[in-house]
*Asks:* 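Attaching a single structure in structure tokens format; questions to follow.
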Amino acid sequence: MTAFKPLVFSGVQPTGNLHLGNYLGAIKKFVALQDTSDCIYCVVDLHSLTAQLVHEDLKDQTRAITAAFLASGIDPKKHIVFNQSRVMQHAELAWIFNCVARIGWMNRMTQFKDKAGKDRENASLGLLAYPSLMAADILVYRATHVPVGDDQKQHLELTRDIAQKFNNDFSDRIAGLGVGVEMNVGEETVNGFFPLTEPIIGGPAARIMSLRDGSKKMSKSDPSDLSRINLTDDADSISKKIRKAKTDPEALPGELDGLAGRPEAENLVGIYAGLAEISKEAVLKEFGGQQFSVFKPALADLAVEKLAPVAGEMRRISGDRAYVDAVLSDGGERAGLLAEATMKTVRDIIGLLQG
Ligand code: TYM
């Protein structure tokens, strides 16, 4: 437990279509957390530059993710919704974190290794430093909790490492300025300026896999559209993709243990559980002993029932560009005030001369 004010932050990149993995692994959690916490949800457009610098439709992609947030039920009046590049303090803190973090930490990131491939020397510096910007996104608000899918776990561990190193490196100045907050780290109580942020990962949908290959995660970048359900897919496409999803010839087991070694079956059960908001055990209780010829149509019906209203609402909201832009501009202003308050203190801690 920290003595920091609880605050939720998370981000989604404006690259490609949002898919069921983003929705179940992240956005549904964003929506649920609104009842219990103050939340800041960000379309991380600066992050998307690491994948593609020249991006003709970046503005529209940014609006589309915003529309998905709003269509899913995020309330931009009670909470904050904005796009990252409006608040330049993210980039400022990221630069400071670039000087705190070590190159070795970045080199160990599995997402960097995957994305850079064999030719690492030729990857952009931005791709290498990506987790430093992500840490800045979170810590510029001193956010305490971050809901994400399982693939972001390593980046959040790095965020804690950066916060801890900053707190240690500047401990005397933090104490001298009286800007530290007490928190428990293991057995110890320490004083630090940045919280050690907790990830919120878990539930049956923390890692949704490709519908074509149960060993690969569902991803925007998979060349096969059959591998994912996009939030914008119509009922026919959703049903077709589930019908064509790879499975094995066995019936569904009655217990979780029976899913071991059956990644495709496990994935479909996880998707059902995520959509129905029940556990995988509960799904198996209902469908154990049934063939996929029975389970797949039930899953398709459930997916259409849950996703069609979101898709419809996304279309409606996307049609009102002025509204979407106003949400982002208002959110950006409110986020900017919070971020600037943090940065004033950070500049003092570091000893930058400011007016
Ligand atoms: P991004 O844009 O790739 O994905 C957005 C969110 O969707 C989750 N997700 C999944 N969850 C379950 N199964 C899947 N197959 C799946 N695919 C994606 C991701 O885990 C994520 O929660 N680096 C982040 C964006 C980011 C961020 C941040 C997140 C930038 N700054 C600060 C949290 C806090 C990313 O690329 O997510």
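Hydrogens, waters and symmetry mates are skipped; everything else that's a heavy atom, side chains included, is used. No experiment lies behind these values; they were computed from the predicted model shown. Whatever order the structure lists ligands and atoms in, that order sets their numbers, starting from 1. FYI, the numbering just counts along the sequence from 1.
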*Asks:* Is the gap between the ring centers of Phe194 and Phe4 under 6.0 Å?
*Replies:* no

*Asks:* Ala206 heavy atoms, cut-off 4.0 Å: which ligand 1 atoms fall inside?
*Replies:* 11 (N), 12 (C), 13 (N)

*Asks:* Of the options Thr342, Thr197, Leu338, which is the one that meets Arg142 in a side chain to side chain contact (heavy atoms under 4.5 Å, CB included)?
*Replies:* Thr342

*Asks:* Tyr130 heavy atoms, cut-off 4.0 Å: which ligand 1 atoms fall inside?
*Replies:* 23 (N), 24 (C), 25 (C), 35 (C), 36 (O)

*Asks:* Contact between Phe9 and Tyr41 at the side-chain level, heavy atoms closer than 4.5 Å - yes or no?
*Replies:* no

*Asks:* Is there a nitrogen or oxygen of Met218 sitting under 3.5 Å from a nitrogen or oxygen of ligand 1?
*Replies:* yes

*Asks:* What protein heavy atom lies closest to atom 10 (C) of ligand 1? Include the residue and the distance to one decimal.
*Replies:* Gly21 O, 3.5 Å

*Asks:* Could you tell me, atom by atom, which parts of ligand 1 come under 4.0 Å of a heavy atom of Val146?
*Replies:* 33 (C), 34 (C)

*Asks:* Please step through side chain to side chain contact (heavy atoms under 4.5 Å, CB included) for the pair Asn230 and Arg228, ending with a clear verdict.
*Replies:* CA-CA 6 Å; Asn230 303 305; Arg228 66 185 157 259; 3.3 Å; yes

*Asks:* So, Asp222 and Ser219: side-chain donor and acceptor under 3.5 Å apart, yes or no?
*Replies:* no

*Asks:* Just say parallel, tilted or perpendicular for the rings of Phe193 and Phe166, cut-offs at 30° and 60°.
*Replies:* tilted

*Asks:* Looking only at protein heavy atoms, which one is nearest to atom 6 (C) of ligand 1, and what is the separation?
*Replies:* Ala26 CB, 3.6 Å

*Asks:* From atom 33 (C) of ligand 1, work out which of Pro14, Ser10, Ser48, Cys42 has a heavy atom at the shortest distance.
*Replies:* Ser10

*Asks:* Touching ligand 1 at all, His19? Heavy atoms, strictly under 4.0 Å?
*Replies:* yes

*Asks:* Provide, to 0.1 Å, the distance between atom 19 (C) of ligand 1 and the closest protein heavy atom, together with that atom's residue and name.
*Replies:* Asp151 OD1, 3.3 Å

*Asks:* Would you mind finding which of His90, Lys153, His47 brings a heavy atom closest to atom 30 (C) of ligand 1?
*Replies:* His47

*Asks:* Tell me whether Ala205 reaches ligand 1 (any heavy atom closer than 4.0 angstrom to a ligand atom).
*Replies:* yes

*Asks:* Considering only protein heavy atoms, which is closest to atom 22 (O) of ligand 1, and at what distance to one decimal place?
*Replies:* Gly149 N, 3.2 Å

*Asks:* Any side-chain heavy-atom pair from Arg347 and Met343 closer than 4.5 angstrom?
*Replies:* yes

*Asks:* Less than 4.5 Å apart, any side-chain heavy atom of Val44 and any of Val12?
*Replies:* no

*Asks:* Just to confirm my output: which protein heavy-atom neighbour is closest to atom 9 (N) of ligand 1, and how far is it?
*Replies:* Asn22 ND2, 3.7 Å

*Asks:* Would Lys5 and Asp38 pass as an ion pair if we require N to O under 4.0 Å?
*Replies:* yes

*Asks:* For Asn22, run the side chain to side chain contact (heavy atoms under 4.5 Å, CB included) check against Lys220, Lys28, Gln13 and tell me which one passes.
*Replies:* Lys220

*Asks:* State whether the shortest distance between N or O atoms of Gln152 and N or O atoms of ligand 1 falls below 3.5 angstrom.
*Replies:* yes

*Asks:* Just need the protein heavy atom nearest to atom 31 (N) of ligand 1, so name the residue and atom and give the distance.
*Replies:* Asp137 OD2, 2.7 Å

*Asks:* Taking all atoms of both residues into account, what is the closest heavy-atom pair of Leu196 and Arg160, and its distance?
*Replies:* O-NH1, 3.3 Å

*Asks:* Should Lys280 and Glu255 count as an ion pair when the cut-off is N to O under 4.0 Å?
*Replies:* no

*Asks:* Nearest protein heavy atom to atom 28 (C) of ligand 1, by residue and atom, and its distance?
*Replies:* Met134 CG, 3.4 Å

*Asks:* Under 6.0 Å between ring centres: does that hold for Phe97 and His90?
*Replies:* no

*Asks:* Take every heavy atom of Lys220, measure it against each atom of ligand 1, and state whether any distance is under 4.0 Å.
*Replies:* yes

*Asks:* Just jot down the ligand 1 atoms closer than 4.0 angstrom to any heavy atom of Gln13, in number order.
*Replies:* 2 (O), 35 (C), 36 (O)

*Asks:* How does Val148 reach ligand 1, by side chain, by backbone, by both or by neither, if only non-hydrogen atoms under 4.0 Å count?
*Replies:* both

*Asks:* For atom 15 (N) of ligand 1, what is the closest protein heavy atom, and at what distance to 0.1 Å?
*Replies:* Ile208 O, 2.7 Å

*Asks:* List every atom of ligand 1 that sits less than 4.0 Å from any heavy atom of Gly25, numbering the atoms from 1 in the order shown and giving each element.
*Replies:* 11 (N), 12 (C)

*Asks:* Which of the atoms in ligand 1, numbered in the order shown and given with their element, are less than 4.0 Å from a heavy-atom of Ile138?
*Replies:* 32 (C), 34 (C)

